[in-house]
**Student:** 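First the structure, then my questions, so here it is.
From a predicted model like this one, the values you see are computed outputs, not experimental measurements.
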Amino acid sequence: QSLLAAGKKAPISAGSDYHRSSPFQMLGGPTLCVYARSAGPGDILAAVRAGHAYAVYAPDGPTLELTAGGALPGDTVSWDTTRELEFTLNGLEAGDVLRVVTGASAETLLQAPAPGSWKGSYRMRAPGFARVELLRAFLPQLPLLPALLSNPVWFEG
């Protein structure tokens, strides 16, 4: 977050170094999900470099479709023509908290009342960036922890 707030377009990455199961360590967790043109290695690596991705805590975690006027996470759009993020989240659990994080604030848009999916949008108030994060209570005694973090879309004016 601090790199993004400083204007650095550093894409998120994720991956695991799995040796054995233990609390909060699982095969494939965390997982980087990419919006790639194909499943070919070149297209996947290009998508990672471009920031067309989001990180999720496990391969079977929630999924995200995120666009801004056709742009994907990691892309830059013109503030003059595009000011809104549109997203669909699948695999929500009751109590999940959806936030949009910018350089200036973090705004809660949803606390999921039940398992399922949710479609919504967020209108930018000023140029900058916006990203999505989904927080989840994995155990009752623990605070909410990240289940999904997206790369930002940049809104330049």
**Student:** Check Val34 against Ala47 and note the closest heavy-atom contact, atom names and distance.
**Tutor:** CB-CB, 4.1 Å
**Student:** To the nearest 0.5 Å, tell me how far Leu4 CG sits from Phe129 CZ.
**Tutor:** 4.5 Å
**Student:** With a 4.5 Å limit on heavy-atom distance, are the side chains of Val153 and Leu85 in contact?
**Tutor:** yes
**Student:** Mind checking the CG-CD spacing from Leu98 to Glu133? Nearest 0.5 Å is all I need.
**Tutor:** 9.0 Å
**Student:** Does Glu156 form a salt bridge (Lys or Arg N to Asp or Glu O under 4.0 Å) with Lys9? I'd like the steps, not just the answer.
**Tutor:** CA-CA 12 Å; Glu156 291 186 351; Lys9 295 183 178 182; 3.0 Å; yes
**Student:** If every non-hydrogen atom of Leu144 is compared with every non-hydrogen atom of Ala137, which pair is closest and at what distance?
**Tutor:** CD2-N, 3.4 Å
**Student:** Quick check against the 3.5 Å criterion: does Ser78 have a side-chain atom that pairs as donor or acceptor with the backbone of Asp80?
**Tutor:** yes
**Student:** Could you go step by step and tell me if Trp118 and Leu134 meet the side-chain contact (heavy atoms from CB on, under 4.5 Å) rule?
**Tutor:** CA-CA 12 Å; Trp118 192 73; Leu134 185 69; over 6 Å; no
**Student:** Taking Leu64's backbone N and O only, do any of them form a donor-acceptor pair with Tyr54's side chain (distance below 3.5 Å, no angle check)?
**Tutor:** yes
**Student:** How far does CG of Leu139 sit from CZ of Arg136, to the nearest 0.5 angstrom?
**Tutor:** 12.0 Å
**Student:** Test side-chain contact (heavy atoms from CB on, under 4.5 Å) on Thr88 and Leu66 and set out the steps.
**Tutor:** CA-CA 7 Å; Thr88 301; Leu66 175 64; over 6 Å; no
**Student:** Donor-acceptor pair, Ser105 side chain versus Glu107 backbone, under 3.5 Å?
**Tutor:** no
**Student:** Closest approach of Glu93 and Ala112, non-hydrogen atoms and distance?
**Tutor:** O-CB, 3.5 Å
**Student:** Is the side chain of Glu65 donor-acceptor paired with the backbone N or O of Glu86 at a distance under 3.5 Å, no angle test?
**Tutor:** no
**Student:** Within the 3.5 Å criterion, strictly below it, is a donor on Lys8 or Ser2 matched to an acceptor on the partner's side chain?
**Tutor:** no
**Student:** Would Gln111 and Asp96 count as a side-chain contact (heavy atoms from CB on, under 4.5 Å) if you check the C-alpha gap in whole Å, the side-chain angles of each, and the deciding distance to 0.1 Å?
**Tutor:** CA-CA 6 Å; Gln111 183 165 3; Asp96 282 356; over 6 Å; no
**Student:** Decide whether Trp154 and Tyr35 are clustered together by the hydrophobic rule: side chain heavy atoms of Ile, Leu, Val, Met, Phe, Trp, Tyr closer than 4.5 Å, transitively.
**Tutor:** no
**Student:** Do the non-hydrogen side-chain atoms of Leu32 and Val48 ever get within less than 4.5 Å of each other?
**Tutor:** yes
**Student:** Can you give me the closest heavy-atom contact between Gly103 and Gln1, atom names plus distance?
**Tutor:** CA-NE2, 4.2 Å
**Student:** Between atom CG of Leu89 and atom CG of Leu148, what is the distance when rounded to the nearest 0.5 Å?
**Tutor:** 6.5 Å
**Student:** So how far is it from Asn151 CG to Leu72 CG, rounded to the nearest 0.5 Å?
**Tutor:** 10.5 Å
**Student:** Is there a side-chain contact between Met124 and Thr82 in this structure, where contact means two heavy atoms from C-beta onward sitting under 4.5 Å apart?
**Tutor:** no
**Student:** Nearest heavy-atom pair of Arg131 and Pro152: which atoms, and what distance?
**Tutor:** CB-CA, 3.8 Å
**Student:** Is there side-chain contact between Val56 and Pro30, with at least one heavy-atom pair below 4.5 Å?
**Tutor:** no
**Student:** Could you tell me the separation between the OH atom of Tyr122 and the CZ atom of Arg83, rounded to the nearest 0.5 Å?
**Tutor:** 13.0 Å
**Student:** Write down the atom of Phe155, the atom of Ala130, and the distance for their closest heavy-atom approach.
**Tutor:** CE1-CB, 4.3 Å
**Student:** Quick one, Leu149 with Tyr57, criterion side-chain contact (heavy atoms from CB on, under 4.5 Å). Give me CA distance, side-chain angles, the key distance, then yes/no.
**Tutor:** CA-CA 9 Å; Leu149 301 171; Tyr57 77 96; over 6 Å; no
**Student:** Check whether any side-chain heavy atom of Leu145 sits under 4.5 Å from a side-chain heavy atom of Leu135, and report yes or no.
**Tutor:** no
**Student:** Would a distance-only check, ignoring hydrogens and angles, find a side-chain to backbone donor-acceptor pair under 3.5 Å from Ser117 to Asn90?
**Tutor:** no
**Student:** Counting N and O atoms only, with roles assigned by atom type, does the side chain of Thr67 sit under 3.5 Å from a partner on the main chain of Gly69, one being a donor and the other an acceptor?
**Tutor:** no
